[in-house]
Amino acid sequence: MRIAVFISGTGTNLKSLIDAQKNNEFNSTIELVISNKDAKGLFHGLNANIPSLVVKNDEEILEKLQEYNIDFIVLAGYLKRVSETILNNYENKIINIHPSLLPKYGGKNFYGMKVHKAVFENKDEVSGVTVHYVDENLDSGAIILQREVSIVDCKSPIEIKDKVLEVEHILLKEAIKKVEEEQ
Ligand code: GAR
């Protein structure tokens, strides 16, 4: 698959995918990185010589996806809602990584640190990671892989984030491999 990775932030998941590609951990290639803002993580794409662009308008994103012959999209910390324009052109070809055990801590008010803060405040002992297909509803598409993370020893939301991120970096590449095998 020719993959576009969408990011909005630090891009540690993007970096882990770039490393996994280098180590031949999946067959697909990352051909394009898109961000909706001047995200720190764009550096990882540029550093790996992958075209890495800030594109805010979804019509323009679609043009770029077509220009680079992209057939699969990975949302790796992309915090903007994907519009119908893109969804209709990439049905069942978009996946997202979310830092919780969906359907817990999913939906409009839960993303990034907001998830970890809520998990911490609720004194949960287990959190986790979900990789799922993206459909027209938020965080609700079919689950590809899900993994629990014990957080009993975490003393702050940041400690939870760090522990969950380590698992995200493993699960996302495994999910891409699983999708490749299913295609
Ligand atoms: C990750 O924890 C990812 O699961 C989360 O944003 C973070 C991005 O980190 N995504 C969501 O909350 C989506 N709803 P990264 O930029 O370092 O990969």
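The first residue of the sequence shown is numbered 1, and numbering continues consecutively from there. Just follow the structure's listing: the first ligand is 1, and inside any ligand the first atom is 1.
Remark: Lys64 engages Glu67 in a salt bridge, criterion side-chain N to carboxylate O under 4.0 Å. Asp58 and Lys80 are joined by a salt bridge, as a carboxylate oxygen and a charged side-chain nitrogen come within less than 4.0 angstrom of each other.
Within the model, atoms OG1 of Thr10 and CG of Leu165 stand 7.0 Å from one another, a figure rounded to the nearest 0.5 Å.
Across all non-hydrogen atoms, the minimal contact from Phe72 to Ile95 is CZ-CG2, 3.6 Å.
A side chain to side chain contact (heavy atoms under 4.5 Å, CB included) with Arg147 is found for one member of Val164, Leu171, Leu101, Val131 and no other, namely Leu171.
The backbone N or O of Ser28 sits less than 3.5 Å from a side-chain atom of Glu180, completing a donor-acceptor pair.
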Short N or O contacts of ligand 1 with protein, under 3.5 Å, listed by atom name?
{"unit_1": "ligand 1", "atom_1": "2 (O)", "unit_2": "Glu168", "atom_2": "OE1", "d": "3.2"}
{"unit_1": "ligand 1", "atom_1": "2 (O)", "unit_2": "Glu168", "atom_2": "OE2", "d": "2.8"}
{"unit_1": "ligand 1", "atom_1": "4 (O)", "unit_2": "Glu168", "atom_2": "OE1", "d": "2.8"}
{"unit_1": "ligand 1", "atom_1": "4 (O)", "unit_2": "Glu168", "atom_2": "OE2", "d": "3.3"}
{"unit_1": "ligand 1", "atom_1": "12 (O)", "unit_2": "Gly112", "atom_2": "N", "d": "2.8"}
{"unit_1": "ligand 1", "atom_1": "14 (N)", "unit_2": "His98", "atom_2": "ND1", "d": "3.1"}
{"unit_1": "ligand 1", "atom_1": "16 (O)", "unit_2": "Thr10", "atom_2": "N", "d": "3.4"}
{"unit_1": "ligand 1", "atom_1": "16 (O)", "unit_2": "Thr10", "atom_2": "OG1", "d": "3.3"}
{"unit_1": "ligand 1", "atom_1": "16 (O)", "unit_2": "Gly11", "atom_2": "N", "d": "2.7"}
{"unit_1": "ligand 1", "atom_1": "17 (O)", "unit_2": "Thr10", "atom_2": "OG1", "d": "2.6"}
{"unit_1": "ligand 1", "atom_1": "17 (O)", "unit_2": "Thr12", "atom_2": "N", "d": "2.9"}
{"unit_1": "ligand 1", "atom_1": "17 (O)", "unit_2": "Thr12", "atom_2": "OG1", "d": "2.6"}
{"unit_1": "ligand 1", "atom_1": "18 (O)", "unit_2": "Thr12", "atom_2": "N", "d": "3.3"}
{"unit_1": "ligand 1", "atom_1": "18 (O)", "unit_2": "Asn13", "atom_2": "N", "d": "2.9"}
{"unit_1": "ligand 1", "atom_1": "18 (O)", "unit_2": "Asn13", "atom_2": "ND2", "d": "2.9"}

